[in-house]
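Have a look at the structure below before the remarks.
Counting begins at 1 with the first residue of the sequence. The structure displayed is predicted, hence computed values, not measured ones. Just so it is clear, the values below take in all heavy atoms, side chains as well, and ignore hydrogens, waters and symmetry mates.
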Amino acid sequence: MVYTISGIRFPVLPSLHSSTLRCDRRASSHSFFLNKNSSSFSPTSLYAKFSRDSETKSSTIAESDKVLIPEDRDNSVSLTDQLENPDITSEDAQNLEDLTMKGGNKYNLDEAANSYSEVEDGKGSVISSSLVDVNTDTQAVKTSVQSDKKVKVDKPKIIPPPSTGQKIYEIDPLLQAHRQHLDFRYGQYKRIREEIDKYEGGLDAFSRGYEKLGFTRSATGITYREWAPGAKSAALVGDFNNWNPNADVMTKDDFGVWEIFLPNNADGSPPIPHGSRVKIHMDTPSGIKDSIPAWIKFSVQAPGEIPYNGIYYDPPEEEKYVFKQPQPKRPQSIRIYESHIGMSSPEPKINTYANFRDDVLPRIKKLGYNAVQIMAIQEHSYYASFGYHVTNFFAPSSRFGTPEDLKSLIDRAHELGLLVLMDIVHSHASNNTLDGLNMFDGTDGHYFHPGSRGYHWMWDSRLFNYGSWEVLRYLLSNARWWLDEYKFDGFRFDGVTSMMYTHHGLQVTFTGNYNEYFGLATDVEAVVYMMLVNDLIHGLFPEAVSIGEDVSGMPTFCLPTQDGGIGFNYRLHMAVADKWIELLKKQDEDWRMGDIVHTLTNRRWLEKCVVYAESHDQALVGDKTLAFWLMDKDMYDFMALDRPSTPLIDRGIALHKMIRLITMGLGGEGYLNFIGNEFGHPEWIDFPRGEQHLPNGKIVPGNNNSYDKCRRRFDLGDAEYLRYHGMQEFDRAMQHLEERYGFMTSEHQYISRKNEGDRVIIFERDNLVFVFNFHWTNSYSDYRVGCLKPGKYKIALDSDDTLFGGFNRLNHTAEYFTPEGWYDDRPRSFLVYAPCRTAVVYALADGVESEPIELSVGVESEPIDLSVEVESEPIQQSVEVESETIQQSLEVEP
């Protein structure tokens, strides 16, 4: 008998701890998958052999079947101890002095212009350097040989070595006052990079820990390795040996790595069947425990059971998904559709990768987004954690399907031209000791800081020790794994503010004072880790996107590591969503146009932002979406077009559209929307949960494990007889407008009016002029709008269009001409009618197609040629954050 869930077979097992001999393994094995003959393969693992002789400066890369062990070492000292307390010779001391960055050579301004590049010599081979990592995998160098034709060699991708890190002082002279801290930070970063080069063969090899640790398959059998220095003894157990802890005992090396090799069965089949359950049985300082391997690639929860089980995942070649589509290039401006697989169905259930692929991806494409960001990919035992309490970092969540299903989803997204970003969690981990990393080897300080420093009191989770060598290997390999194996196009790093500060941003208000960023409260080890992971991402995957969730406004956050920055492509502009919630709690009369503009434009020069009016944070229980703040309970009864509207509904729909458009227009170089919010999804998100009894005796009520509010009612946005449809169509038109004009990344930006009396905001982006009238009653005839570029303007987007649930007060065939004459510091102007609570975008028609934006399902296959005229005097964006305190709330994990 078997139980089946999501295509996985759960056998009814005999006693899990019955003794069996090794020769009985095959007879007693149980697989979670249909057993098929699998072809064996031998992954190539490159590891560095090194000498502790101080005169040896280079590493030799060699294949090895053993865990890295240095020659001429003291066997009583671990690798991590040696790295933390190296023997310093006179030459080494000189190198360390160089890291202080004092009195260095003059920085070449062009050195970091192309921080992440591809390098080859004239013969097509890699330029040798002790600090340059060469990607040696099969994707790095592809050679095509044909008779009588030249050999074509693709340029290998490299991770550039650290530079001087001094350009940040040219970009922001205010950083000079904190040079000691920043130079120390960059020196620590260079030291780690050099030690990785010396002892591990470079960042490329170091980030492929999954080729050595965990389960690896060769032609002769399976090797399993696990770093668990605190364990006294260890054995591999599972269905394959009837969970006998005495059958497959592991041995431990000097670095705390346990290892066992299982030879193939007599008939050549693998000793552990694909799909069978496995765990590591350990005697630890905290007692005997069975743990899911830390590097496990898949884990499942059997029906009726609470703990998860690690799954040996090695499908036969014919069952492995083969990617067919190339990964899209990174767009100039990114428009992200934030989503969650499980809650993406209109039905009250957990949705699947396959359904998301077939039903939701085409919807995202049709709406005009060019990237999908997926939450809760890494396995998490507690569904209601929204995926933020990760238990198995290398395993895609089995709730939604198999790893092959996820690969198929990503490949389909690439076929549609969509980037796929992963919401990755490296800021903390679940405190679950049964399924996760917490107390893995029985000690408190294994992967995490020991004591209170390793515990996040608000999130009830564990905090990584980014100064640990093996933790760096684990996390860097984890990022590499998702990009390599699953072809993700980048990451949104969660909880970065918590990582960067020892106070984790809790009960702290960031005012923009630089002393808040560069002091004893800064966790330099965590910042260095982020520099390393961005080096890895951008060096080996040049088109990949890295986005950091930072509420603090940390300077240098989105500058290249070569320049001394942390290396992210984008920062999430989190203050904007907080500002909208703040305003929605006030009366319209109390809104200030200058306050809105300041919040949207208050970002650091040369550091890109992804902005949003609302994300998943605002949709959770205890908060409200913008639509619910605006319309509240009227949404239940007055959203049908065959019923009369109410003033609250009219106001809500109008402001919902205006808020989203001005946020996209002024707030950043990228835009994000959470699934369903494009049409004003009603109510909140509430994951299924039961009643909880706390240790203090308090009872937290549940929702009877209901999925009713853990789904997305796409049917509401698609129903043409509901007002939700107009809101959805406006969001769709807004995305296609940006696709056509690329205004988010246009260098021409000028805010010509923010009139508090009229409640009007006017600004220019590229060939567009945006006019927002936030007044609740006043409409303005012959309202003069200043502009830079001469010619004829036409309406490109009108929030008052009946298609978008408006009142159709504008003539869309009208043409607007620009007589000479200064107005609002602009050399030309034109006259418009500006209805109350309306946003209108006027496009320069000369030289630009005047037809309405095509809202077709498909998006043009060829990129749109957006010729951007750079404003001769661009807006001066202050490097220093305004001194006024901006109340920003740190995201609180569910």
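For the atom pair CG of L672 and OG1 of T663, the computed distance is 11.5 Å after rounding to the nearest 0.5 Å. Once rounded to the nearest 0.5 Å, the distance linking CD1 of I377 with CD1 of I424 reads 11.0 Å. The structure places CZ of F356 at 4.0 Å from CD1 of I364, a figure rounded to the nearest 0.5 Å. Here the straight-line distance linking atom CD of E347 with atom CG of N355 works out to 8.5 Å at 0.5 Å rounding. For the atom pair I196 CD1 and D204 CG, the distance stands at 11.5 Å (nearest 0.5 Å). With values rounded to the nearest 0.5 angstrom, L536 atom CG is found 7.5 Å from L483 atom CG.
Residues W482 and A395 come closest through the heavy atom pair CH2-C, 3.7 Å. When all heavy atoms of I296 and G310 are compared, the closest pair comes out as CG1-CA, 3.9 Å. Between G567 and S546 the shortest heavy-atom distance is O-OG, 3.9 Å. When all heavy atoms are compared, the tightest approach of Y224 to P293 is OH-CB, 3.4 Å. The two residues Y529 and L472 come nearest to each other via the heavy atoms CD1-CD2, 3.7 Å. Across F400 and H340, no two heavy atoms sit closer than the pair CZ-CE1, 4.2 Å.
L213 has its side chain within reach of R473: a pair of non-hydrogen atoms, C-beta onward, lies under 4.5 Å apart. Considering only heavy atoms from C-beta on, F493 comes within 4.5 Å of V533 through its side chain. Using a 4.5 Å cut-off on side-chain heavy atoms (C-beta onward), I341 and L409 make contact. No side-chain heavy atom of I222 sits under 4.5 Å from any side-chain heavy atom of T216. Two residues are said to be in side-chain contact when any heavy atoms from C-beta on lie closer than 4.5 Å; Y353 and T402 fail this criterion. F240 places none of its side-chain heavy atoms less than 4.5 Å from the side chain of P271. A heavy-atom distance below 4.5 Å is not found between the side chains of Y671 and H573. Looking only at side-chain heavy atoms (C-beta outward), C609 and L572 stay at 4.5 Å or farther from each other.
In summary, R732 and E678 do not engage in a salt bridge, as defined by a charged side-chain N under 4.0 Å from a carboxylate O. At a threshold of 4.0 Å, the pair R492-D494 counts as salt-bridged, since one of the basic side-chain nitrogens sits closer than that to a carboxylate oxygen. Residues R480 and E485 are not paired through a salt bridge, judged by the lack of any N-O separation under 4.0 Å between the basic side chain and the carboxylate. Under 4.0 Å is where a charged nitrogen must lie from a carboxylate oxygen, and between E738 and R335 at least one such pair does.
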Exercise for review: In sequence, state the C-alpha distance, the side-chain angles, and the governing distance for D411 and Y321, and then conclude on side-chain hydrogen bond (donor to acceptor under 3.5 Å, both in side chains).
Suggested key: CA-CA 10 Å; D411 203 26; Y321 187 84; 2.7 Å; yes
Could you please spell out the steps behind the side-chain contact (heavy atoms from CB on, under 4.5 Å) verdict for I566 and T561?
CA-CA 5 Å; I566 299 177; T561 57; 5.9 Å; no
Evaluate F464 against F393 for ring-ring contact (aromatic ring centres under 6.0 Å, His included), listing each step before the verdict. CA-CA 13 Å; F464 285 106; F393 282 79; 5.6 Å; yes
Report the C-alpha separation of I547 and L421 in whole Å, then their side-chain angles, then the decisive distance to 0.1 Å, and conclude whether the side-chain contact (heavy atoms from CB on, under 4.5 Å) test is met.
-> CA-CA 9 Å; I547 305 170; L421 307 180; 3.9 Å; yes
Under the ring-ring contact (aromatic ring centres under 6.0 Å, His included) rule, what do Y474 and W295 come out as? Steps first, then yes or no, please.
CA-CA 8 Å; Y474 186 81; W295 298 73; 5.1 Å; yes
- Query: Can you check side-chain contact (heavy atoms from CB on, under 4.5 Å) on F386 and H616, steps first, answer last?
  - Reply: CA-CA 9 Å; F386 227 140; H616 69 271; 4.0 Å; yes
* Stepwise, does the side-chain hydrogen bond (donor to acceptor under 3.5 Å, both in side chains) test hold for Y210 with N478? -> CA-CA 8 Å; Y210 48 81; N478 186 244; over 6 Å; no
#### Entry: Residues D423, F491; criterion side-chain contact (heavy atoms from CB on, under 4.5 Å); working and verdict
CA-CA 6 Å; D423 196 344; F491 300 113; over 6 Å; no
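E614 is linked by a salt bridge (Lys or Arg N to Asp or Glu O under 4.0 Å) to R660, counting only residues two or more places apart in sequence or in another chain. With sequence neighbours excluded, the residues forming a salt bridge (Lys or Arg N to Asp or Glu O under 4.0 Å) with D718 are R363, listed by chain and number. In this view, Y612 satisfies the ring-ring contact (aromatic ring centres under 6.0 Å, His included) rule with no residue, not counting sequence neighbours.
With hydrogens and angles ignored, the 3.5 Å screen pairs no side-chain donor or acceptor of R711 with any backbone N or O of K349. Counting only distance, with no hydrogens or angles, the side chain of H380 and the backbone of H389 share no donor-acceptor pair below 3.5 Å. Side-chain atoms of S207 come within 3.5 Å of backbone atoms of L203 as a donor-acceptor pair (strictly under, hydrogens ignored). Within the 3.5 Å criterion, the main-chain N or O of T352 finds no donor-acceptor partner in the side chain of R399. Using modelled atom types, no side-chain atom of N351 and backbone atom of M343 make a donor-acceptor pair closer than 3.5 Å. Side chain of T391 to backbone of D435: no donor-acceptor contact under 3.5 angstrom is found. In terms of modelled atom types and a separation under 3.5 Å, the side chain of N370 and the main chain of S333 share a donor-acceptor contact. Side-chain atoms of Q378 do not come within 3.5 Å of backbone N or O of G387 as any donor-acceptor pair. Remark: the backbone N or O of S408 is not paired with any side-chain donor or acceptor of E404 at under 3.5 angstrom. Distance alone, capped at 3.5 Å, is enough to place a donor-acceptor pair between the H428 side chain and the Y388 backbone.
Counted by atom type alone, N673 and Q735 present zero donor-acceptor pairs between their side chains at under 3.5 Å. Residues T625 and N677 bring no donor and acceptor atom of their side chains to less than 3.5 Å of each other. One side chain, S398 or E379, offers a donor N or O that lies under 3.5 Å from an acceptor on the other. There is a side-chain donor-acceptor pair under 3.5 Å between D489 and H414. Counting only N and O atoms by type, the side chains of S477 and R208 include no donor and acceptor under 3.5 Å apart.
The ring of F679 has its center closer than 6.0 angstrom to the ring center of H681. If you look at H736 and Y741, their ring centroids are not closer than 6.0 Å. A distance of 6.0 Å or more separates the ring centres of Y312 and H274.
Cation-pi check for K407 over Y486 is met; the charged atom lies under 6.0 angstrom from the ring centroid and within 45 degrees of its normal.
Classified by interplanar angle (parallel below 30°, tilted 30° to 60°, perpendicular above 60°), the ring pair F568/F557 is parallel.
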